[in-house]
Undergrad: 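Below you will find the structure I want to go over with you.
Sequential numbering from 1 along the given sequence is applied to the chain's residues. Computation of the quantities below employed the complete heavy-atom set of this structure, encompassing side-chain atoms and omitting hydrogens, waters and symmetry-equivalent molecules. Since we're looking at a predicted model, the values are computed, not measured.
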Amino acid sequence: MPSTTGAMPSPAGSSHEDPSMPGMDKMAGGNGLSDSQNGYRLTSSTATLPVGTKASYRFSVTGPDGSPVTAYAVDQTKRLHFYAIRSDLTGFQHFHPTMAKDGTWTASLDALTPGAWRVFASFTPDSGPGKGTAFVLSRTVTVPGSASQTPLPAAAGSTTVDGYTVTVNGELRAGMEHPLTVTITKGGKPVTDLQPYLDTYAHLTAFHAGDAAFAHLHPTTMVDGDHGGPDLSFHAQLPKAGNWRLFLQFQTAGTLHTAALTMNVG
């Protein structure tokens, strides 16, 4: 499958700064649906991955001069965030791969189901012409086998995972900045033992139904000690209308939980 299937042109990356918001100094521009932007390119020789077993995905990011990028700024404690999502927005995975000295990254993926997948790399170069600019680039891969599409769950304001109830509040409009509040409870009681995860108390990523356009919703709740919750605030700016699948990752007692729900953006 070609690396840019379904790709759309992406605007230049942005470098908005607001020291009051974790990660806000490195907000990624574009929708992530291209393997290249401003001379930077996500490259890989892998077009297919095996079904039902762990697999390694090797890739590099090359700069405008064609050489692999090896200097990356730290964003939410990591130099690069790697995501995988199936075309029906199932099978979400979020990893922080390792990089060799030559700039080759290796992401260790959990078992994948058959179908079309898109893998994303979110990063900020720490040298060269793109220094300080956030990018999200992606490629597609195929997992062979008989693929069945899972219908997107209906839009809902709350969901449950591992005994926790996650409630999302906020009226979102495409292309506009809006606050979003997430509340986490368990057994009807507020959860206040959220542990820091990636320099915040929760990590929120969204993908658009139909094309898997990417958006990272940046936290505005600062980490203050080892325990947080139950209310968490996010800065939300989703680029287009329609249904978005949100994935919220939070940690308690050393265990990472991932909650998913669908939100409609007008």
Side-chain angles (χ1 to χ4, degrees), residues 5-11 13-14 16 21 23-24 26-34 76 81-95 115-122 134-140 149-161 164-184 198 200-221 231-250 257-266:
T5 298
M8 296 174 60
S10 298
S14 63
H16 303 297
M21 299 180 183
M24 285 296 290
K26 298 169 183 173
M27 288 184 63
N31 56 21
L33 292 179
S34 176
Q76 291 194 258
H81 295 259
F82 182 87
Y83 305 87
I85 192 78
R86 199 167 175 261
S87 61
D88 59 0
L89 305 189
T90 62
F92 169 80
Q93 297 187 35
H94 174 199
F95 293 107
W117 288 74
R118 186 174 286 275
V119 294
F120 297 81
S122 175
F135 294 93
V136 180
L137 304 179
S138 71
R139 296 175 64 91
T140 56
Q149 294 292 301
T150 299
L152 187 73
S158 66
T159 188
T160 59
V161 60
Y164 294 89
T165 297
V166 175
T167 303
V168 178
N169 289 293
E171 294 293 332
L172 302 185
R173 293 291 180 267
M176 300 177 64
E177 298 180 1
H178 288 276
L180 198 69
T181 301
V182 174
T183 302
I184 302 176
L198 299 178
T200 183
Y201 289 118
H203 185 275
L204 185 56
T205 312
F207 298 88
H208 185 257
D211 59 6
F214 174 96
H216 178 205
L217 284 68
H218 293 260
T220 59
T221 300
D231 299 319
L232 305 172
S233 298
F234 291 85
H235 167 94
Q237 185 174 359
L238 300 178
K240 59 175 69 178
N243 285 326
W244 288 77
R245 192 68 171 160
L246 274 61
F247 294 90
L248 181 86
Q249 295 178 284
F250 61 96
H257 312 278
T258 301
L261 59 79
T262 303
M263 174 169 274
N264 184 262
V265 175

Undergrad: How many angstroms lie between CG in Leu217 and CH2 in Trp244, if you round to the nearest 0.5 Å?
TA: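 CH2 of Trp244 is found 8.5 Å from CG of Leu217.
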Undergrad: Does a donor on one side chain and an acceptor on the other come within less than 3.5 Å for Arg118 and Ser138?
TA: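 Side chains of Arg118 and Ser138: pair found under 3.5 Å.
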Undergrad: To the closest 0.5 Å, what do you measure between CZ (Phe234) and CG (Leu246)?
TA: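 One gets 9.5 Å once the value is rounded to the nearest 0.5 Å.
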Undergrad: Let me know which of Thr167, Val182, Thr183 forms a side-chain contact (heavy atoms from CB on, under 4.5 Å) with Ser158.
TA: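 It is Thr167, the one option of Thr167, Val182, Thr183 that forms the side-chain contact (heavy atoms from CB on, under 4.5 Å) with Ser158.
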Undergrad: What heavy-atom pair brings Gly91 and Trp117 nearest, and what distance separates the two atoms?
TA: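 Distance-wise, the nearest heavy atoms are O-CZ3, 3.3 Å.
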Undergrad: Of all the heavy-atom pairs spanning Val119 and Ala84, show the shortest one and how long it is.
TA: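 The pair with the smallest heavy-atom distance is CG1-CB, 4.1 Å.
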Undergrad: Could you check whether any side-chain heavy atom of Gln249 comes within less than 4.5 Å of a side-chain heavy atom of His94, counting everything from C-beta outward?
TA: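 Yes, side chains in contact.
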Undergrad: Which atom pair, heavy atoms only, marks the closest approach of Thr262 to Pro153?
TA: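 Scanning both residues, the minimum pair turns out to be OG1-O, 2.9 Å.
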Undergrad: Within the 4.5 Å heavy-atom criterion, are His235 and Glu177 side-chain neighbours or not?
TA: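 The answer is yes, as the side chains (C-beta and beyond) meet within the 4.5 Å cut-off.
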Undergrad: For a side chain to side chain donor-acceptor pair (under 3.5 Å) check, start with the C-alpha distance between Thr181 and Asn169, then their side-chain angles and the critical distance, and finish with the verdict.
TA: CA-CA 5 Å; Thr181 301; Asn169 289 293; over 6 Å; no
Undergrad: Name each donor-acceptor pair under 3.5 Å that joins a side chain in residues 203-210 to protein atoms two or more places apart or in another chain, with its distance.
TA:
unit_1	atom_1	unit_2	atom_2	d
His203	ND1	Thr205	OG1	3.3
His203	NE2	Tyr83	OH	3.3
His203	NE2	His216	NE2	3.4
His208	ND1	Asp211	OD1	3.0
His208	NE2	Ala241	O	2.8

Undergrad: Looking at His257 versus Tyr164, is the centre-to-centre ring distance below 6.0 Å?
TA: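 Centroid separation for His257 and Tyr164: below 6.0 Å.
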Undergrad: Taking the six-membered ring for Trp, are Phe82 and Phe95 closer than 6.0 Å centroid to centroid?
TA: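 That pair fails the under 6.0 Å test.
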Undergrad: Do Gln76 and His81 have side-chain heavy atoms sitting under 4.5 Å apart?
TA: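 Side-chain contact under 4.5 Å: yes.
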Undergrad: In the structure I gave you, are the side-chain heavy atoms of Met263 and Leu172 within less than 4.5 Å of one another anywhere?
TA: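 Yes, at least one pair of side-chain atoms sits under 4.5 Å.
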